[in-house]
Structure formats: structure tokens, C-alpha cells
Amino acid sequence: MNKKELIEKINKIKKQKNAIILAHCYQNIEIDLVADFVGDSLGLSQLAAKTNADKIIFAGVYFMAETAKILNPSKKVYLPNVSGCDMADMINLKQIKEFKSKNPNAPTVCYINSTAAVKSECDICCTSSNAIEVVKSLNSKEVLFIPDKCLASWVEKNLKNIKITAYQGYCPTHYKISTKDILKKKEENPLAVVLSHPECKNEVLELSDFVGSTTQMMEYCKKSNEKEFIIATELGVAQRLQRDFTDKKIIPISKEIFCPSMKENSLEDILFTLENENNEVKVDETIAKKAVNCIEKMLKI
Ligand code: 13P
Ligand code: SF4
């Protein structure tokens with residue numbers, strides 16, 4: 001089957017089954033050809049919360065599909081490839097309980113990049129686009145933050161009077177980006193504006209002109225009058241910007257900065273899942289009931 005036939009077939013089955021395809025912007029760019037929505041973690045969970053589709057095919061990683069299932073218990077959610085997020089897998093139920101027991105008086109904020117079981121033990125969820133607002137909303141002088149230590153320290157810097165005790169997790173993909181990489185790209189492109197994701201190390205964020213979620217970075221680039229941008233996040237964002245803004249010079253921080261889990265899906269995998277309904281994502285009911293509060297509290301902010 002050629003690409004055109006593949007896309008036609010996917011669209012036909014999607015309609016027949018009243019299915020929707022949601023894709024994160026770190027996915028292989030060809031997925032955009034069939035996706036109903038491409039965005040960041042916040043946009044994807046907002047959309048998952050209000051869809052009328054009967055089935056959701058999630059082109060993303062496990063915690064994203066789990067979040068969609070928790071918000072839509074009566075709908076079927078599928079992951080074409082069962083791939084996890086390495087950061088989310090750095091903390092499990094036992095570890096979150098231990099972490100909380102050492103700091104019993106502070107509320108716990110969990111980054112959406114965490115498993116449903118871990119979310120079920122937390123007070124409120126956040127994404128990279130709303131982490132500051134979420135922490136602020138707790139009106140607490142001290143907050144526990146899991147699992148990303150980089151996002152936690154960025155939030156703490158932006159909210160001067162709140163002490164954040166962070167779990168020591170991190171994103172292995174963003175953690176690879178160094179100040180050396182930024183300085184080198186800046187030297188080669190002295191007029192370029194540096195946009196970075198808050199999962200990057202603090203020293204990288206300090207060299208950046210703008211820090212935001214993947215969608216916020218894309219919006220910044222769209223609205224800016226500048227012409228050159230260094231994109232310090234997963235490669236998928238720079239590729240989409242290069243596709244969409246041909247009048248701007250988009251400089252990926254490195255072709256090596258990609259998330260292997262996010263790159264597993266192909267159009268063939270999407271078609272296979274639509275046809276065979278494999279890899280349905282299920283969440284334990286007791287866990288889902290607790291985790292939904294944590295996610296819905298965030299969506300209200
Ligand atoms: P956002 O989609 O919130 O920018 O987060 C990026 C990410 O790493 C998702 O796994
Ligand atoms: Fe997880 Fe990092 Fe991949 Fe995002 S880029 S899914 S945080 S491993």
C-alpha cells in the first residue's frame with residue numbers, strides 16, 4: 001500500500017468506527033497526516049476530556065493514553081505501540097509513598113508524565129505549560145514535586161517564595177542537551193532566539209530567551225517577528241516548525257535529541273490498531289477513581 005492509500009484507509013476506518021487519532025508533537029511527523037489533533041500534553045488531555053469519539057487511538061506514550069482512559073472510562077483507548085516514558089518510569093507507587101512519608105506536610109504535585117498509580121497518590125497534576133499556575137494555586141509555602149527535578153527547579157525559580165522539594169527524576173532526552181550545544185548553535189547563528197523546554201537542565205534554561213511547553217514554543221515562533229530560532233527540545237518540534245514556517249530559519253539543537261519511545265509509531269501501526277483494536281489501555285478502577293481527581297483539578301485551572 002502506498003502512503004496515499006494508507007491515509008485513505010485510515011480515514012475510512014476512523015469514520016466507520018467513530019475513532020479519533022490524537023498525536024503528541026514528538027511523534028514521527030507523518031502521523032500528522034492522519035491525526036485529528038497534534039499538540040502538547042495539556043492540549044491532548046483537554047481534547048481527550050471532551051471528545052465525542054467512541055475510540056481514541058493515542059499516538060504518544062503510555063501515560064498519555066492512560067490519562068485519556070481515566071478521563072473517558074467508558075471509551076476505548078488504544079496505543080499502537082506500548083511505549084513508556086523513561087521519566088514517568090523513574091517513580092513507582094512504592095517510591096511515591098516513601099517520598100511523601102519523608103515530607104508529610106506538603107501537598108504533592110505530579111507532572112502529567114507519571115503513571116496512573118503514581119497520580120492516584122498526588123494532590124494535583126500539571127503539565128509543562130501550566131506547572132507554575134498549578135503550584136501557585138495550592139497556596140502552600142512548601143510543595144512536593146514529582147518526578148521531574150528540572151521542571152521543579154524551573155517552577156521554583158519562577159515562584160520565589162515557595163520551597164519545592166523535588167523527586168530526582170528527569171527526561172533522558174532533554175537531559176542530554178548541554179550548555180555547550182546551545183553556545184555552539186548561538187555562535188553559528190548569532191541572531192537566533194533560543195527556545196527551550198523546561199525539562200532541560202537549569203543551566204540550559206538560563207541561556208534561553210523563552211522557556212515553554214512544546215505548543216508554547218511553537219506559538220512563540222509563530223507570533224514572533226524574529227527570523228531565526230534555535231529549538232532546544234525533541235526533534236519533532238523543530239521538524240514541524242520547519243514544515244509550517246518556511247520563511248523562518250528553524251535550527252534543531254541536534255538531530256540526536258529525539259525520544260525513542262515517541263518515535264515508535266508509523267502510519268502502518270495506526271492502521272493495524274484501527275483494524276485490529278490491539279493494545280487497549282486499561283486502568284485499574286480504584287486507581288482511576290483517585291487519579292481522576294488529580295487530573296480534573298488541573299483541567300479546572
Ligand atoms: P509537553 O507536551 O507538555 O510539552 O511535554 C513534553 C513531553 O516530554 C511529553 O512527554
Ligand atoms: Fe518522556 Fe522525555 Fe520522551 Fe517526553 S521526551 S516522553 S519526558 S522520555
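Both counts, for ligands and for their atoms, begin at 1 and track the order of listing.
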[atom]: nearest protein contact (heavy atom, Å):
{"atom": "atom 5 (O) of ligand 1", "answer": "His197 NE2, 3.3 Å"}
{"atom": "atom 3 (O) of ligand 1", "answer": "Ser128 OG, 2.6 Å"}
{"atom": "atom 1 (Fe) of ligand 2", "answer": "Cys85 SG, 2.3 Å"}
{"atom": "atom 8 (O) of ligand 1", "answer": "Glu199 OE2, 3.0 Å"}
{"atom": "atom 8 (S) of ligand 2", "answer": "Asp86 N, 3.7 Å"}
{"atom": "atom 10 (O) of ligand 1", "answer": "Asn113 ND2, 3.1 Å"}
{"atom": "atom 2 (Fe) of ligand 2", "answer": "Cys171 SG, 2.3 Å"}
{"atom": "atom 7 (S) of ligand 2", "answer": "Asn113 ND2, 3.1 Å"}

With distance as the sole criterion, is a donor-acceptor pair present between the side chains of Tyr170 and Glu199 under 3.5 Å? no

Run the numbers for me: atoms of ligand 2, each under 4.0 Å from some heavy atom of Glu199, listed by number. 2 (Fe), 7 (S)

Would you call [X]-[Y] a salt bridge at under 4.0 Å N-O?
{"X": "Asp32", "Y": "Arg240", "result": "yes"}
{"X": "Lys184", "Y": "Glu188", "result": "yes"}
{"X": "Lys4", "Y": "Glu8", "result": "yes"}
{"X": "Glu219", "Y": "Lys223", "result": "yes"}
{"X": "Lys100", "Y": "Glu121", "result": "yes"}

Between Leu235 and Pro252, the two heavy atoms sitting closest are CD1-CB, 3.8 Å

Taking the side chain as everything from C-beta on, heavy atoms only, tell me whether Lys176 gets closer than 4.5 Å to Ile257. yes

So if I count the atoms of ligand 1 from 1 in the order they appear, which ones are less than 4.0 Å from some heavy atom of [X]?
{"X": "Tyr111", "answer": "5 (O)"}
{"X": "Ser213", "answer": "4 (O)"}
{"X": "Met64", "answer": "9 (C), 10 (O)"}
{"X": "Thr214", "answer": "1 (P), 2 (O), 4 (O)"}
{"X": "Ser41", "answer": "1 (P), 2 (O), 3 (O), 5 (O), 9 (C)"}

So is Gln216 in contact with ligand 1, going by heavy-atom distances below 4.0 Å? no

Does ligand 1 have any atom that is closer than 4.0 Å to a heavy atom of His24? yes

Looking at Tyr175, I'd like to know if the NZ or CZ of Lys201 sits under 6.0 Å from its six-membered ring centre while staying within 45 degrees of the ring's axis. yes

Proximity to ligand 2 by part of Glu234, non-hydrogen separation under 4.0 Å: neither

My understanding is that only one of Asp36, Asn52, Ile57 makes a side-chain contact (heavy atoms from CB on, under 4.5 Å) with Ile20; could you say which? Asp36

Candidate list Lys9, Lys12, Lys17, test salt bridge (charged side-chain N to carboxylate O under 4.0 Å, His left out), partner Glu275, passing option: Lys9

Metal site atom 1 (Fe) of ligand 2: N/O/S of Cys259 inside 2.8 Å: no

